[in-house]
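Note sheet for the following structure.
Keep in mind the model is a prediction, meaning the values are calculated, not measured.
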Amino acid sequence: MTTLSQSQCGNFWKDGFLRLENVATHAELKTLRSVGDRLLREKAGFNEGLLFDFYPEGEGPEKPKLAQLHHPSHFERSLLEMDLARRAQRVAMQLLGPKARFVSDSFFHKPSHTEAVTPWHQDEAFTDPRIEHREVNFWFPLQPVSLQNGCMQFIPGSHLGPVLPHGPIGGDPTTHGLECTSGFESKDAVICPLQLGDCTIHGGRTLHFAGPNPSDAPRYAYSMVFGLPRRASSEVRTFPWNDNRKLSRDQRVHESRRAQGSFWPYLYRKVKEFDYTNPYEWRLGAHRVARLIKKGRTPAK
Ligand SMILES: O=C(O)CCC(=O)C(=O)O
């Protein structure tokens, strides 16, 4: 797969998702698996808040119900040097236009014999409502997936509506994952089993879900997100479900940025990944710096 046909592009924009066959080679999947295994074994990103459980974490990173390692390419640069990333970017450019660029990647690991689902959600619900994110997400399972081990399911056409109401899973404010609470019928879901090498692509607003994994093996996946330069949202909207959350991940982000030795690599990445050509990013950056200065001047209570 290096290019989509016109009808595949049309289907993506009609349904909000697409299923593609034979995208990743066996060698690429083997590399993804061994990198994912190593990073998860080493608990890479835990202290920086990049490795977390979708569900309440309890005491630490042991035995997550659904672990997400965000930005594994921060720890293993070679992930983005694989031809797979280049091929996926070409497809993203077909869908979004020539300005589409890499945004982030993630490993998702659901252990064997778990009833935990990836709840119905729109990825956009996790974002800042003042910013418009125009993104596509490539999801590669690292073993065949079906209903038996938690393949992806999508609600066709859900990307054409608004961001629906969400809340933390089970109403628990310590839960990292969100679930969509109303505005859709799960009976409309399209179930997407995939063979090794296949992937799904979904838009940032497409409602999706992955079921439990009662099988004997963990269900693993690697995702890559590509997007257009960010800009101010033309809609006036709020995502109140992101307020007043009590996330252990946020605490770790905060502590690690203050810790000696972690701040400079963080700043280096920010400077390296900054989109210098986008005036909106400069405005966001200026607001952030102004906020930090103001905070520094306000005496602690
Ligand atoms: O792998 C999963 O269970 C969830 C993946 C997902 O929600 C995503 O890639 O947006």
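- Qualifying side-chain contact (heavy atoms from CB on, under 4.5 Å) partners for S73, counting only residues two or more places apart in sequence or in other chains: L79, L80, F102, D105.
- By the 30° and 60° cut-offs, the orientation of the rings of H121 relative to F126 is perpendicular.
- Annotation: salt bridge (charged side-chain N to carboxylate O under 4.0 Å, His left out) contacts of D128 (sequence neighbours excluded): R130.
- A salt bridge is absent between D37 and R41; no separation between the charged side-chain nitrogens and carboxylate oxygens falls under 4.0 Å.
- Remark: of the listed residues H159, R205, H133, H166, R205 is the sole one forming a side chain to side chain donor-acceptor pair (under 3.5 Å) with E124.
- Taking the six-membered ring for Trp and the full ring otherwise, the centers of F154 and H202 sit less than 6.0 Å from each other.
- For the pair W13 and L95, the tightest heavy-atom approach, listed with the atom from each and the gap, is CZ2-O, 3.1 Å.
- Looking at R38 and E42, a side-chain N of the basic residue comes within less than 4.0 Å of a carboxylate O on the acidic one, giving a salt bridge.
- Taking E48 as the reference, nothing meets the salt bridge (charged side-chain N to carboxylate O under 4.0 Å, His left out) condition, with sequence neighbours excluded.
- In the hydrophobic clustering of this structure, F52 does not group with V253; members are Ile, Leu, Val, Met, Phe, Trp, Tyr whose side-chain heavy atoms approach within less than 4.5 Å, directly or through other members.
- Hydrophobic clustering places I201 together with M224 (ILVMFWY residues linked when any side-chain heavy atoms are closer than 4.5 Å, directly or through intermediates).
- Other residues, nucleotides and ligands place no more than 12 heavy atoms under 6.0 Å from the CZ atom of R288.
- Annotation: Y268, atom OH; neighbour count of heavy atoms from other residues, nucleotides and ligands within 6.0 Å does not exceed 12.
- Looking only at side-chain heavy atoms (C-beta outward), Q8 and T3 stay at 4.5 Å or farther from each other.
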When the side chains of residues 180-196 are checked against the rest of the protein, which donor-acceptor pairs come out under 3.5 Å, sequence neighbours left out?
{"unit_1": "T181", "atom_1": "OG1", "unit_2": "P165", "atom_2": "O", "d": "3.2"}

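- Taking 4.5 Å as the limit, some side-chain heavy atom of L4 sits within range of a side-chain heavy atom of L20.
- Nearest heavy-atom pair, S223 versus F108, reported as atom, atom and distance to 0.1 Å: OG-CE1, 3.6 Å.
- Around atom CG of N244, no more than 12 heavy atoms belonging to other residues, nucleotides or ligands sit under 6.0 Å away.
- Looking at residues two or more places apart in sequence or on another chain, you find a salt bridge (charged side-chain N to carboxylate O under 4.0 Å, His left out) between R231 and E132.
- By the rule that hydrophobic residues join a cluster once side-chain heavy atoms approach within less than 4.5 Å of another member, L50 and L32 end up as members of one cluster.
- For R134, the side-chain hydrogen bond (donor to acceptor under 3.5 Å, both in side chains) criterion is met by no residue, not counting sequence neighbours.
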